[in-house]
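Read the structure below first, then the notes.
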Amino acid sequence: MSLAVAKKGAITSIGPSAWRPAVVAIAILLVLAALPSLVDPYQTVLLTYGLIMAIAALGFNLLLGYTGLLSFGHSAYFGAGAYTVAFIVRDLGAQSMELCIVGGLLGALLISALFGFVCVRHTRIFFGILTLALSQVLWSLAFKFFWVTGGTDGIRVASAKLTLLGGFVNFAGPGSFQRFVFAYYYYVLGLFALATVIMWVIVHSPFGKALQAIRDNETRASFVGISVRRYRWIAFVISGAFTGLAGVLWVPLNGLTTPDILYWPFSGEIVFMTVLGGFRTFTGPIVGAVMFNYLKTYAVASTEYWQLLLGVVLVVLVLALPSGIVGTAARLAARFTRGTS
Amino acid sequence: MSLLETVHLKKYFGDTHAVDDVNLTIEEGEFISLVGPNGAGKTSFCNVVSAYYSADSGKIIFQGEDVSNASVTQRVKAGIARSFQLVNLFDDLTAFDNVALAIFSREGKTRNIAALARRDSEVTREADAVLNQFGLAGKRNELARGLAQGERKLLDVALAYALRPKLVFLDEPTSGVSTRDKGQIMDTIASVVRGEGITAVVVEHDMDVVFKYSDRIVVMHQGAILAQGTPAEIRKNEQVAMILIGSSGPDAFSRKD
Ligand SMILES: Nc1ncnc2c1ncn2[C@@H]1O[C@H](COP(=O)(O)OP(=O)(O)OP(=O)(O)O)[C@@H](O)[C@H]1O
Ligand SMILES: [Mg+2]
């Protein structure tokens with residue numbers, strides 16, 4: 001009660017528009033932080049996956065929602081992050097998760113800078129096809145160089161050997177996996193919150209406004225002096241880095257990286273979760289990613305024909321909610337507040 | 001030194017001579033009207049000078065420098081801005097964000113990725129001032145796509161103006177606007193442009209407007225310059241009257257049919 005009063009005081013003194021999102025975000029973060037003590041570990045793992053994919057979708061949507069470029073190849077950057085981590089752990093014997101993050105980010109940056117440089121020369125369908133084609137090149141390389149990548153077997157990354165926060169948290173000894181799941185959830189939650197704040201600042205920065213201008217009207221953007229191609233490229237690299245970070249975080253939880261995450265259906269999943277949540281809204285990709293993760297998990301668990309079930313459910317959802325879950329919710333909320341005031 | 005000089009400028013589309021050997025010199029501070037019948041090549045001339053299209057041949061000299069091969073953004077940075085005959089805005093951004101973006105870009109601030117755009121009080125103040133000058137202050141937070149045609153035209157001009165160019169091309173800033181609003185829009189544009197000492201080339205069909213505001217009138221026909229001169233000189237030019245309104249004789253321009 002006293003908390004609510006305190007919040008209300010803050011709202012009226014500084015202005016509701018600036019503070020309401022921050023208050024809501026903190027409330028959601030508190031709920032998320034409390035969750036592992038309330039639900040069983042399986043649900044914690046599931047939510048961890050959801051948050052990781054949310055980071056991937058946030059990155060993807062910098063291109064789709066804010067720059068107007070539909071990439072069909074984001075598996076490449078997710079995979080670049082994931083495989084770099086696997087290499088670091090296997091070949092360098094590294095244990096520090098932070099080292100993995102730095103390395104994985106560099107890997108994803110490298111690949112996205114390279115691929116992006118080629119792709120941003122085109123827009124619309126050509127852009128999409130190029131991103132798809134390049135990601136498939138990476139996928140086929142993972143097979144060709146099987147002595148490096150392990151081919152279809154992939155590379156194992158044992159979570160028990162990793163340490164978090166510069167060695168401060170380790171998982172040696174009994175109950176290793178349970179402790180890992182618990183600690184890793186908070187680790188991912190922290191990085192998810194950080195990634196979300198960073199992305200929020202980016203899209204509200206002058207740079208972010210320039211991207212939206214390019215999305216709306218590329219011609220006019222150049223006539224106000226914006227170097228369209230360069231800005232698209234930078235957006236591409238940032239987008240790839242976020243999705244790469246998701247790939248980095250995904251590996252220890254999955255315990256294994258395989259070429260599946262480099263394959264085009266995985267890119268399709270990233271597109272789908274973003275559209276499902278609503279690519280015209282900032283939080284849409286986050287909600288979409290978490291929802292998609294649940295939908296997919298339960299579809300897989302409930303039937304052998306899970307792809308069919310998932311496909312049908314998703315098609316119905318997208319047809320029913322063309323502006324996505326968050327877009328539709330926002331419209332309903334707007335109608336509701338207009339109706340009451 | 002003239003502000004802009006085009007030398008044997010040419011742009012052909014197949015057999016269409018859209019810009020045909022145009023030699024035009026523009027002095028600093030002039031308010032020039034570019035007139036001519038439909039298809040005369042007025043927009044094409046603006047397109048070539050602003051780098052929307054590259055010229056087939058000829059030179060464009062801006063402030064003594066050859067900018068013939070400069071890109072759109074390079075010419076914008078050099079000080080050439082333009083508006084568009086068909087409104088060209090950032091439709092999903094607010095009127096404020098449209099103008100603010102032009103200012104951010106001019107100031108080289110669009111590179112800034114780590115600060116909130118709306119926290120930049122300098123840009124905010126300037127953008128609001130520009131909106132105010134164009135009578136759009138009340139529409140500040142509306143999406144550009146939701147504005148009325150006249151307001152969209154004004155916002156299009158405001159975007160070019162917010163770049164504080166040395167030379168601005170305004171391609172039919174009052175087309176598609178009711179006659180009643182036309183004078184008001186031209187008044188706004190003329191006062192803003194003259195107030196800042198910006199050199200302006202305005203494409204306009206309404207000869208009343210043209211005679212009222214211009215220092216010099218340039219008449220184009222079939223891609224070439226047919227005549228140029230002060231409003232008084234052009235008013236007397238029978239060939240121009242023939243081409244623009246299909247009749248001649250004394251006072252052809254003031255007769256209303
Ligand atoms: N992109 C293009 N491709 C082919 N032809 C073009 C193109 N742009 C202009 N033209 C042609 O060039 C000629 C000049 O056109 P332009 O648009 O410059 O005329 P204008 O003087 O602006 O006419 P209006 O008053 O109708 O706007 C016309 O015959 C037009 O059809
Ligand atoms: Mg025209």
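Heavy-atom basis, side chains included; hydrogens, waters and symmetry copies ignored. For clarity, every value in this text was computed on a predicted model and none was experimentally measured. In the text below, chain A, chain B and the rest are named by the order of the sequence lines, each starting its count at 1.
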Open item on the list: Surrounding CD of B/E27 (heavy atoms of other residues, nucleotides or ligands, distance under 6.0 Å), is the total greater than 12?
Closed with: yes
Task: chain A contact residues among residues 104-111 of chain B, heavy-atom distance under 4.5 Å - done: B/F104, B/S105, B/K109, B/T110, B/R111
Task: For B/L116 against A/P206, the heavy-atom pair lying closest together - done: C-CD, 4.4 Å
Open item on the list: Heavy-atom cut-off 4.5 Å, strictly under: side chain, backbone, both or neither for B/A160 against chain A?
Closed with: both
Open item on the list: Heavy-atom pairs under 4.5 Å with chain B: which of A/A210, A/A221, A/G225 has the most?
Closed with: A/G225
Task: Residues of residues 38-67 of chain B near chain A, each having a heavy atom less than 4.5 Å away - done: B/S50, B/Y52
- [ ] To the nearest 0.5 Å, tell me how far A/K209 NZ sits from B/T94 OG1.
- [x] 6.5 Å
Task: Atom CZ of B/F13: over 12 foreign heavy atoms under 6.0 Å - done: yes
Open item on the list: So for B/L93, is it side chain, backbone, both, or neither that comes closer than 4.5 Å to the heavy atoms of chain A?
Closed with: both
Task: Most contacts with chain A, counted as non-hydrogen pairs under 4.5 angstrom, among B/I103, B/D97, B/V123 - done: B/D97
- [ ] Could you look at A/I198 and say if it's the side chain, the backbone, both or neither that has a heavy atom under 4.5 Å from chain B?
- [x] neither
Open item on the list: Can you confirm whether A/R220 sits close enough to B/N98 that some side-chain heavy atom of one is under 4.5 Å from a side-chain heavy atom of the other?
Closed with: no
Task: Closest approach of A/S205 to B/I113 (non-hydrogen atoms, all atoms of both residues) - done: CB-O, 3.4 Å
Task: pair B/L163-A/V224: side-chain heavy atoms closer than 4.5 Å - done: yes
TODO: Report the residues that fulfil side-chain contact (heavy atoms from CB on, under 4.5 Å) with B/Q184, sequence neighbours left out, ordered by chain and then residue number.
DONE: B/D181
Open item on the list: Report which part of A/R230 has an atom under 4.5 Å of a heavy atom belonging to chain B: side chain, backbone, both, or neither.
Closed with: neither
TODO: Against chain B, label A/S222 side chain, backbone, both or neither, depending on which of its atoms sit under 4.5 Å from a heavy atom there.
DONE: both
Task: Residue B/D120 versus chain A: region with a heavy atom under 4.5 Å - done: neither
Task: Members of residues 79-92 of chain B whose heavy atoms come closer than 4.5 Å to chain A - done: B/R82, B/S83, B/F84, B/N88, B/L89, B/F90, B/D91, B/D92
